[in-house]
Amino acid sequence: MTPPATFPFDTPGDAERAAELRRVKALATLVLAATLLLFVVAKWLLPVHPVFGFIAAFAEAATIGGLADWYAVVALFKRPLGLPIPHTAIIQGNQARIADKLGEFIQVHFLEAGPVEAKLNEIDFGSFVADWLRDRKRSDDLARFALRLLPEAVSATESSGLMTFIIRRMSSQLQAIDLAPLAAGTLRGFVAEGRHQILFDDLLRVMHETLNQTETMAMIREKVRAELPTLLRLYRADKFLVNKIVASATAFFNEVRSDPKHPFRGEFDRMVLSFVDRLGTDQAYIDRIDGLKRDLLARPELADLARTVWANTRSFIERSASGETQVLQHHLAGMFVSAGEALAGDAELRGEINKGLVTVLRSFVADQKSGVSIFISDQVKAWDMAQLISLIEINIGRDLQYIRFNGSLIGGLAGLALYSVEFLLRLL
């Protein structure tokens with residue numbers, strides 16, 4: 001069972017307010033005693049002069065008024081003189097009802113959707129986040145805090161089997177990818193941008209350089225010489241033919257390379273596009289690419305590479321968290337600062353963040369407001385009422401004591417008025 005909540009008097013000014021309350025209480029009691037004494041003296045001196053009748057009437061009514069208001073003030077908090085008088089100690093006797101009504105009041109009047117949403121809309125969450133992230137020290141602290149959590153997150157990922165699940169899930173997702181249409185689409189975009197022509201130019205350049213190499217020309221010459229009749233070999237026709245072939249090919253390559261609209265380039269475009277179409281639709285190509293994908297994913301080297309990358313990543317995170325290296329921390333802090341700068345300059349994004357947070361918080365408050373009401377009610381029911389009453393008295397008791405002064409004054413004036421009317425009626 002939860003022990004009653006206590007309220008130590010340590011709020012600034014409580015000691016001074018308690019001393020002032022004691023002083024006003026003593027003064028109010030002294031006024032009550034003075035009116036009672038005045039009543040007795042005035043009654044005793046009544047035979048001396050009729051004016052003492054007016055004084056006695058005032059003092060009597062003032063005493064009754066002061067006593068009545070003393071009773072009212074005391075009955076609000078406790079039983080007057082400890083007597084079990086009905087309808088006294090009102091706050092103590094109604095603690096549970098007050099608790100329930102307070103919780104209900106908070107729920108109905110403070111946590112309704114309209115006021116909550118209106119208050120949330122006054123808050124610029126996006127600017128707050130942007131300003132917070134733009135502060136370099138805060139971003140450094142956030143990066144340091146994130147790094148301290150990362151090693152534990154990595155260990156939890158490994159020990160919980162989450163890593164195995166992720167690997168299996170990634171493998172199944174990779175196996176399910178149809179690479180042929182993906183490759184065909186990529187190549188089609190490559191051709192649409194004209195980037196294949198750059199490759200074509202490089203190919204022409206390589207062919208030109210290869211043909212003009214001495215070793216290449218010698219090899220071609222040997223092939224031509226082997227095919228020529230003996231008579232032509234004697235006249236060294238092979239050399240002439242090779243030089244003509246190489247010169248013609250070189251001229252053709254230069255012509256194609258210097259003319260962006262050369263017909264041969266168009267033929268190359270059609271050839272590449274035909275290959276791209278076959279790559280995306282020909283089942284033979286699709287099966288071959290799928291087989292290459294399965295073979296690649298089944299290679300043990302790929303699993304070893306993944307384990308090595310993971311081990312190196314974990315080691316780097318651990319070294320960063322221990323402070324051995326500051327690279328990751330500086331990078332994270334810089335990333336947070338950049339995010340803050342970007343957010344500060346993007347009013348539309350800040351507006352979206354504000355709307356999103358208002359929606360989330362409004363729903364959260366709507367879902368939890370009954371729980372808040374119950375929490376407040378339970379807390380009030382668990383309060384130590386003796387201490388709570390003392391706390392209330394310290395803060396508003398001084399004003400309540402002035403009710404006793406007012407009761408004595410108003411009562412005395414009312415008694416004086418009634419006595420005056422009675423005196424006048426006797427004279428008539």
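Small disclaimer: the values here were computed from a predicted structure and weren't measured. Residue indices begin at 1 and follow the sequence shown.
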Aromatic centroids of Phe125 and Phe128 separated by under 6.0 Å:
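When the ring centroids of Phe128 and Phe125 are compared, they turn out to be at least 6.0 Å apart.
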
For the residue pair [X] and [Y], what are the closest heavy atoms and their distance?
X	Y	result
Ala333	Ala143	N-CB, 3.8 Å
Gly345	Arg350	N-NH1, 4.1 Å
Ala130	Ala344	CB-N, 3.8 Å
Leu36	Thr63	N-OG1, 3.3 Å
Ala339	Leu133	CB-CD1, 4.5 Å
Ser320	Leu328	OG-CB, 3.5 Å

Under 6.0 Å from the CZ atom of Phe316, do we count more than 12 heavy atoms belonging to anything else shown?
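Above 12, so yes.
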
What's the verdict on salt bridge (Lys or Arg N to Asp or Glu O under 4.0 Å) for Asp141 and Lys137, showing C-alpha distance, side-chain angles and the deciding distance?
CA-CA 6 Å; Asp141 293 340; Lys137 183 179 183 304; 3.2 Å; yes

Check whether any side-chain N or O of Ser408 sits under 3.5 Å from a backbone N or O of Arg404 as a donor-acceptor pair, and report yes or no.
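Judged by distance alone, yes, a pair lies under 3.5 Å.
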
Would a distance-only check, ignoring hydrogens and angles, find a side-chain to backbone donor-acceptor pair under 3.5 Å from Asn354 to Asp124?
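No, because the side chain of Asn354 does not come within donor-acceptor range (under 3.5 Å) of the backbone of Asp124.
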
Evaluate the criterion salt bridge (Lys or Arg N to Asp or Glu O under 4.0 Å) for residue pair Arg144 and Asp140; output intermediate values, then yes/no.
CA-CA 6 Å; Arg144 195 178 302 109; Asp140 283 335; 5.4 Å; no

Set out, in order, the CA-CA distance, both residues' side-chain angles and the distance that settles side-chain contact (heavy atoms from CB on, under 4.5 Å) for Lys101 and Glu104, then state yes or no.
CA-CA 5 Å; Lys101 289 299 180 181; Glu104 180 182 339; 3.7 Å; yes

Report yes if the side chains of [X] and [Y] come closer than 4.5 Å at any heavy-atom pair, otherwise no.
X	Y	answer
Ile353	Leu343	yes
Lys355	Val358	no
Asn406	Asp69	no

Taking NZ, NE, NH1 and NH2 as the nitrogens, is one of them in Arg134 or Asp131 under 4.0 Å from a carboxylate oxygen of the other?
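Looking at Asp131 together with Arg134, the answer is yes, because their closest N to O distance falls below 4.0 Å.
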
For Leu67 and Ile64: C-alpha separation, side-chain torsions, deciding distance, then whether side-chain contact (heavy atoms from CB on, under 4.5 Å) applies.
CA-CA 5 Å; Leu67 283 172; Ile64 294 171; 5.7 Å; no

In Å and rounded to the nearest 0.5 Å, what is the CG to CD1 distance from Asp100 to Ile376?
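The distance works out to 11.5 Å.
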
Tell me every residue that passes side chain to side chain contact (heavy atoms under 4.5 Å, CB included) with Leu409, counting only those two or more places apart in sequence or in another chain.
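Residues passing side chain to side chain contact (heavy atoms under 4.5 Å, CB included) with Leu409: Leu413.
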
